Amino acid sequence: MSGRARAYLMTRGTPRRLDYAFLGDAPPQPWWEAVAPWQLAEDAELVVRRTAGRTAVMLSGIPSGRTDVVGTAIRHTVVVDDVQDDPGLARWLVRCGLEEDARTGLGRAVDAAFDAELVDSLLSGASQDVAQRILDALREGVAGSGEPAPEDGDLNGSWAGAAGDDTAVRAFRARTRQLVDGGASGYAFTTHLLDSADGARRAAAELREDVAVLLHEGRLGGVERLGKAEGPGPVRDTLAPGVLAALVGAVLLALAVLVWLMT
């Protein structure tokens with residue numbers, strides 16, 4: 001396979017000082033950060049984004065067989081820019097984002113290409129172009145991935161569905177295919193932090209583009225259209241105790257000064 005697709009891998013090394021970072025080059029634009037407020041990076045999360053004719057994928061929570069020095073399991077995150085030039089790889093990464101077995105297999109392929117010694121060396125400053133090695137590891141599972149999973153027709157506009165609902169998952173797969181093939185623009189992403197259609201609606205308002213969202217938490221019946229959000233962002237129901245105390249103190253001080261001036 002050839003094309004402009006470029007892959008990046010974030011992982012960590014064995015010593016404590018070698019914390020999570022990209023091996024070699026980092027993506028020139030951290031485009032997935034627009035969705036980060038609604039995702040848990042340590043869990044399996046998927047983002048597919050298309051804009052200006054280009055598609056990118058971010059997949060986190062890929063399990064590694066390696067552990068750090070205190071025995072904590074390590075997770076990989078991969079980012080692939082311009083994945084529209086490699087639609088087979090894009091479909092495979094979406095499958096890894098939705099299916100645990102596929103994701104586990106991807107983790108094994110990444111571990112085989114980047115053993116502990118190589119990872120520690122790269123994170124310690126060794127200079128090496130690893131972009132092609134990352135792509136090769138990601139593509140390893142494409143040929144043996146079998147028939148594509150069933151899809152429903154894509155739904156127009158923004159919608160949310162439960163990650164455990166077959167109808168929602170098939171529609172999500174269809175949306176990601178549209179994002180790769182150029183039939184749609186916007187975002188498709190999974191979330192472990194949003195638990196309602198209202199939360200997804202606010203996320204869509206912040207992103208200001210069509211979104212397809214799969215919720216791992218909460219309860220949704222099938223696929224729910226998001227329509228127009230009521231507000232531009234998350235609603236804060238209460239003030240933090242420290243902020244509230246500071247406001248009360250300021251009000252009391254102002255009243256005391258006013259009484260003193262009037263006497």
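Because the structure is predicted, anything quoted here is derived from the model rather than measured.
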Write down the atom of [X], the atom of [Y], and the distance for their closest heavy-atom approach.
| X | Y | result |
| --- | --- | --- |
| D81 | A56 | OD1-CB, 3.5 Å |
| A200 | A160 | CB-CB, 3.8 Å |
| A102 | C96 | O-SG, 3.6 Å |
| L226 | A204 | CD1-CB, 4.2 Å |
| D85 | P87 | C-CD, 3.6 Å |
| G13 | L123 | N-CD1, 3.3 Å |

By the salt bridge (charged side-chain N to carboxylate O under 4.0 Å, His left out) test, which pairs, at least two apart or in different chains, include something from residues 52-76? R54-D82

Within residues 180-190 or reaching into it, pairs that qualify as side chain to side chain donor-acceptor pair (under 3.5 Å) - sequence neighbours excluded: E45-T190, R49-Y187

When you look at D86 and R4, which way does the salt bridge (Lys or Arg N to Asp or Glu O under 4.0 Å) test go after all the steps? CA-CA 8 Å; D86 198 338; R4 295 181 298 152; over 6 Å; no

Validation row: [X], [Y] side chains within 4.5 angstrom (heavy atoms):
| X | Y | answer |
| --- | --- | --- |
| F189 | V213 | yes |
| L135 | L89 | yes |
| V79 | V57 | no |
| Q39 | M58 | yes |
| T72 | T67 | no |
| D120 | P15 | yes |
| L215 | W38 | no |
| I134 | V80 | no |

Pairing residues for [X] by the side-chain hydrogen bond (donor to acceptor under 3.5 Å, both in side chains) criterion, not counting sequence neighbours:
| X | value |
| --- | --- |
| D111 | S64, H76 |
| S60 | none |
| Q132 | D136 |

Atom pair [atom1] ([X]) and [atom2] ([Y]), whose distance is rounded to the nearest 0.5 Å:
| X | Y | atom1 | atom2 | answer |
| --- | --- | --- | --- | --- |
| L93 | R95 | CG | CZ | 12.0 Å |
| T191 | D43 | OG1 | CG | 10.0 Å |
| T77 | L9 | OG1 | CG | 8.0 Å |

For F114 and T11: C-alpha separation, side-chain torsions, deciding distance, then whether side-chain contact (heavy atoms from CB on, under 4.5 Å) applies. CA-CA 10 Å; F114 294 90; T11 190; over 6 Å; no

Hey, any chance V142 and V94 share a hydrophobic cluster, counting ILVMFWY side chains that come within less than 4.5 Å of each other, even indirectly? yes

Hydrophobic cluster identity match, L193 and L207, side-chain contacts under 4.5 Å: no

Go through it in stages, so that I can follow the logic: the residues are L98 and L214, the test is side-chain contact (heavy atoms from CB on, under 4.5 Å), and I'd like the CA-CA distance, side-chain angles, deciding distance and then a yes or no. CA-CA 10 Å; L98 300 177; L214 283 184; 3.8 Å; yes

Charged N to carboxylate O under 4.0 angstrom, E99 versus R91? no

Assess whether a salt bridge exists between R6 and D25, defined as any Lys/Arg side-chain N lying under 4.0 Å from an Asp/Glu carboxylate O. yes

Can you name the residues that form a side-chain contact (heavy atoms from CB on, under 4.5 Å) with [X], not counting sequence neighbours?
| X | answer |
| --- | --- |
| A90 | V83, V180 |
| E100 | R103, T104 |
| Q128 | L118, L122, V130, R133 |

Mind checking what makes salt bridge (Lys or Arg N to Asp or Glu O under 4.0 Å) contact with D115, not counting sequence neighbours? none

The criterion is salt bridge (Lys or Arg N to Asp or Glu O under 4.0 Å); which residues satisfy it with D19, sequence neighbours excluded? R12

Flag, side chain of T55 to backbone of L179, donor-acceptor distance under 3.5 Å: yes

Polar side-chain atom of R175 near backbone of Q178 as donor-acceptor pair, under 3.5 Å: no

For residues 15-37, the ring-ring contact (aromatic ring centres under 6.0 Å, His included) pairs (sequence neighbours left out) are none

Sequence neighbours excluded, every pair satisfying ring-ring contact (aromatic ring centres under 6.0 Å, His included) that has a member inside residues 201-226: H192-H216

